[in-house]
S.K.: 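Sharing a structure here in structure tokens format.
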Amino acid sequence: MSDTTPTPAKFKRAILKLSGEALREPGSTDNISPEIVDRIALEIRDAVKSGLQLGVVVGGGNFWRGASASARGMDRATADYVGMLATVMNALAVQSSLEHHGVKCIVQSAIEMQNVAEPFIRRKAERHLEDGFVVIFAAGTGSPFFSTDTTAALRASEMRADVIFKATMVDGVYDSDPKKNPNAKRYETVSFQECLSQQLKVMDATAFSLCMDNHIPIIVFDMAPSGNVTRALLGDPIGTVVNGG
């Protein structure tokens, strides 16, 4: 997907939330599959040509899950810090691919590691976005007990983003698991309150609270079909919109 005349962006500024697993080919023994990262980078490139200011938050589940390690006896705070370091590895992989395709990109880490990333500084991140850089926010919030979904909501609030795009492996929000229930109902739009009351698996309650308080909609979409990342970022009507209702 590479038009000579870029489609104007529907949103001025957005946050794209990628899971760590999104960077790995299904069934692969790789933690990071370069071909998958390259496809994501190309689709991001095509979207930011429109003038969209984009921040990216990436998880670390392809390497490590703090909650799972904690359940097996590891100190939870320590397990979460290991997970934060995993997100930095993923962020650097995405940065490398974006830069390979000519996209200006900066990694900012909530845990200071000056040899590989800038420290997260809100006003500096905003300036980078205004200057046309994709900013990848790594190391979560920098504190244990918070998910990378919460990081996405926090960074969206801090950056005054118009929307959060959550890239998943299903084409929106359902009232039950569509892989287990063929009659699962898919929502075109759903409110934050409905997601919480029905315990729909979109984001955790902390992330929802930040989005509700700051009036930031969440668009949940399937990133697997080629071109869907670009389509979502440009505002095409795909996936499910979660908003104030």
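It should be emphasised that the depicted structure is a prediction, and the values quoted were computed from it without experimental measurement.
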S.K.: Determine, for D162 against K10, whether the closest basic-nitrogen to carboxylate-oxygen distance falls under 4.0 angstrom.
M.R.: no

S.K.: Is there a path from M212 to V173 through hydrophobic residues (I, L, V, M, F, W, Y) whose side chains come within less than 4.5 Å of each other?
M.R.: yes

S.K.: Can a donor-acceptor pair be found, under 3.5 Å and without considering hydrogens, that links the side chain of R186 to the backbone of G239?
M.R.: yes

S.K.: Are the charged groups of R24 and E21 less than 4.0 angstrom apart, N to O?
M.R.: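 E21 and R24: not salt-bridged.
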
S.K.: With side-chain contact (heavy atoms from CB on, under 4.5 Å) as the criterion, how do L98 and I136 come out once you've worked through the C-alpha distance, each side chain's angles and the decisive distance to 0.1 Å?
M.R.: CA-CA 11 Å; L98 285 169; I136 305 176; 4.3 Å; yes

S.K.: If you take all heavy atoms of L54 and I44, which pair is closest and at what distance?
M.R.: CD2-CG2, 3.7 Å

S.K.: Which atoms form the tightest heavy-atom contact between G20 and N90, and what is the distance?
M.R.: CA-ND2, 3.8 Å

S.K.: Would you say that more than 12 heavy atoms from the other residues, nucleotides or ligands in this model lie under 6.0 Å from the NE2 of H100, or not?
M.R.: no

S.K.: Does the N62 side chain pair with the main chain of N31, one donor and one acceptor, at a distance under 3.5 Å?
M.R.: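 Yes, N62 side chain to N31 backbone: donor-acceptor pair under 3.5 Å.
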
S.K.: Atom CH2 of W64 and atom OG1 of T87: how far apart are they, to the nearest 0.5 Å?
M.R.: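 Going from the CH2 atom of W64 to the OG1 atom of T87 covers 14.0 Å.
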
S.K.: Find the distance between CG (L85) and CE (M113) and round it off to the nearest 0.5 Å.
M.R.: 5.0 Å

S.K.: Are F192 and I164 grouped together when hydrophobic residues (ILVMFWY) are joined by side-chain heavy atoms under 4.5 angstrom apart?
M.R.: yes

S.K.: State, to 0.1 Å, how close C195 and F208 come at their nearest heavy-atom pair, and which atoms those are.
M.R.: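 Shortest heavy-atom separation between C195 and F208 comes out as CB-CZ, 3.5 Å.
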
S.K.: Do the side chains of R13 and E126 get close enough for a salt bridge, i.e. N-O under 4.0 angstrom?
M.R.: yes

S.K.: Strictly distance-based, threshold 3.5 Å: is any side-chain N or O of D38 a donor or acceptor partner for the main-chain N or O of S97?
M.R.: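 No; zero donor-acceptor contacts below 3.5 Å.
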
S.K.: To the nearest 0.5 Å, what is the distance between NE2 on H128 and SG on C105?
M.R.: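 Going from the NE2 atom of H128 to the SG atom of C105 covers 10.0 Å.
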
S.K.: Is the closest basic N to carboxylate O distance between R160 and E158 below 4.0 Å?
M.R.: no

S.K.: Whether the side chain of K104 engages the backbone of D131 through a donor-acceptor N/O pair (distance < 3.5 Å, no angle test) should be reported.
M.R.: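 Such a contact is found between K104 side chain and D131 backbone.
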
S.K.: Between I219 and V241, does a side-chain contact (heavy atoms from CB on, under 4.5 Å) hold up when you go through it step by step?
M.R.: CA-CA 5 Å; I219 297 177; V241 179; 4.2 Å; yes

S.K.: Around atom CD of E130, are there more than 12 heavy atoms from other residues, nucleotides or ligands closer than 6.0 Å?
M.R.: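 Yes, the 6.0 Å shell around CD holds more than 12 heavy atoms from other groups.
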
S.K.: Closest heavy-atom contact between S109 and A139?
M.R.: OG-CB, 3.5 Å

S.K.: Nearest 0.5 Å please: distance from the CE atom of M203 over to the CG atom of L196.
M.R.: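 Spacing of CE (M203) from CG (L196) equals 12.5 Å.
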
S.K.: Hey, is the main chain of E35 close enough, under 3.5 Å, to the side chain of S33 for a donor-acceptor pair?
M.R.: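 No, the answer is negative, given that no donor and acceptor are paired below the 3.5 Å cut-off.
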
S.K.: Would you say the side chain of S157 lies within less than 4.5 Å of the side chain of I216, judging by non-hydrogen atoms?
M.R.: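 Side chain of I216 against side chain of S157, heavy atoms only: contact under 4.5 Å found.
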
S.K.: Between CG of L200 and CD of E194, what distance do you get to the nearest 0.5 Å?
M.R.: 8.0 Å

S.K.: Are E43 and R39 within salt-bridge range, i.e. N to O under 4.0 Å?
M.R.: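 Salt bridge: yes.
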
S.K.: Taking F133 as the starting point, is it possible to reach L52 by hopping between hydrophobic residues whose side chains are less than 4.5 Å apart?
M.R.: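 Different clusters.
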
S.K.: Would you say that M89 contacts L92 through its side chain, given a criterion of any heavy-atom pair below 4.5 Å between the two side chains?
M.R.: no

S.K.: Could you report the tightest heavy-atom contact between L210 and N214, atom names first, then the distance?
M.R.: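 Scanning both residues, the minimum pair turns out to be O-ND2, 2.9 Å.
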
S.K.: Please determine whether residues L18 and I106 belong to a single hydrophobic cluster, defined as Ile, Leu, Val, Met, Phe, Trp and Tyr linked transitively by side-chain heavy-atom distances below 4.5 Å.
M.R.: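 Result: no, two separate clusters.
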
S.K.: For residues V242 and Y187, determine if any side-chain heavy atom of one lies less than 4.5 Å from a side-chain heavy atom of the other.
M.R.: no

S.K.: Does any part of the side chain of V229, heavy atoms only, come nearer than 4.5 Å to the side chain of F165, both counted from C-beta?
M.R.: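 Contact flag for F165/V229 side chains = no.
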
S.K.: Do I15 and F137 come close enough that some side-chain heavy atom pair is under 4.5 Å?
M.R.: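 The answer is yes, as the side chains (C-beta and beyond) meet within the 4.5 Å cut-off.
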
S.K.: Which distance, rounded to the nearest 0.5 Å, do you find between the OG1 of T168 and the NZ of K17?
M.R.: 10.5 Å

S.K.: Using a 4.5 Å cut-off on heavy atoms from C-beta on, say whether the side chain of I32 contacts that of F63.
M.R.: yes

S.K.: Within the distance-only criterion (no hydrogens, no angle test), does the side chain of D175 pair as donor or acceptor with the backbone N or O of K185 below 3.5 angstrom?
M.R.: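 Looks like yes, one N/O pair under 3.5 Å.
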
S.K.: In the structure I gave you, are the side-chain heavy atoms of M159 and Q53 within less than 4.5 Å of one another anywhere?
M.R.: no

S.K.: Treat each ILVMFWY residue as a node, draw an edge where side-chain heavy atoms are under 4.5 Å apart, and state whether V37 and V48 are in one component.
M.R.: yes

S.K.: Okay, side chain of D177, backbone of K179: is any donor-acceptor separation there less than 3.5 Å?
M.R.: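 A pair under 3.5 Å: yes.
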
S.K.: If only side-chain N and O atoms count, and only distance matters, is there a donor-acceptor pair under 3.5 Å linking D204 with T150?
M.R.: yes

S.K.: If you look at every heavy atom in G66 and A79, which pair is closest and at what distance?
M.R.: O-CB, 3.5 Å

S.K.: Hey, is the main chain of F145 close enough, under 3.5 Å, to the side chain of D80 for a donor-acceptor pair?
M.R.: yes

S.K.: Take T151 and F146, measure what side-chain contact (heavy atoms from CB on, under 4.5 Å) needs, and give me the verdict at the end.
M.R.: CA-CA 7 Å; T151 302; F146 293 99; 5.6 Å; no

S.K.: Taking D236 for the side chain and I238 for the main chain, is one N or O donor matched with an acceptor at less than 3.5 Å?
M.R.: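 A pair under 3.5 Å: no.
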
S.K.: If you define the side chain from C-beta out and look only at heavy atoms, does anything of V107 sit under 4.5 Å from V116?
M.R.: no

S.K.: Is a side-chain donor or acceptor of K166 paired with a backbone partner of V202 at a separation under 3.5 angstrom?
M.R.: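 Yes, because the side chain of K166 sits within donor-acceptor range (under 3.5 Å) of the backbone of V202.
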
S.K.: Does F120 have R155 sitting over its ring (NZ/CZ under 6.0 Å from centre, angle to axis within 45°)?
M.R.: yes

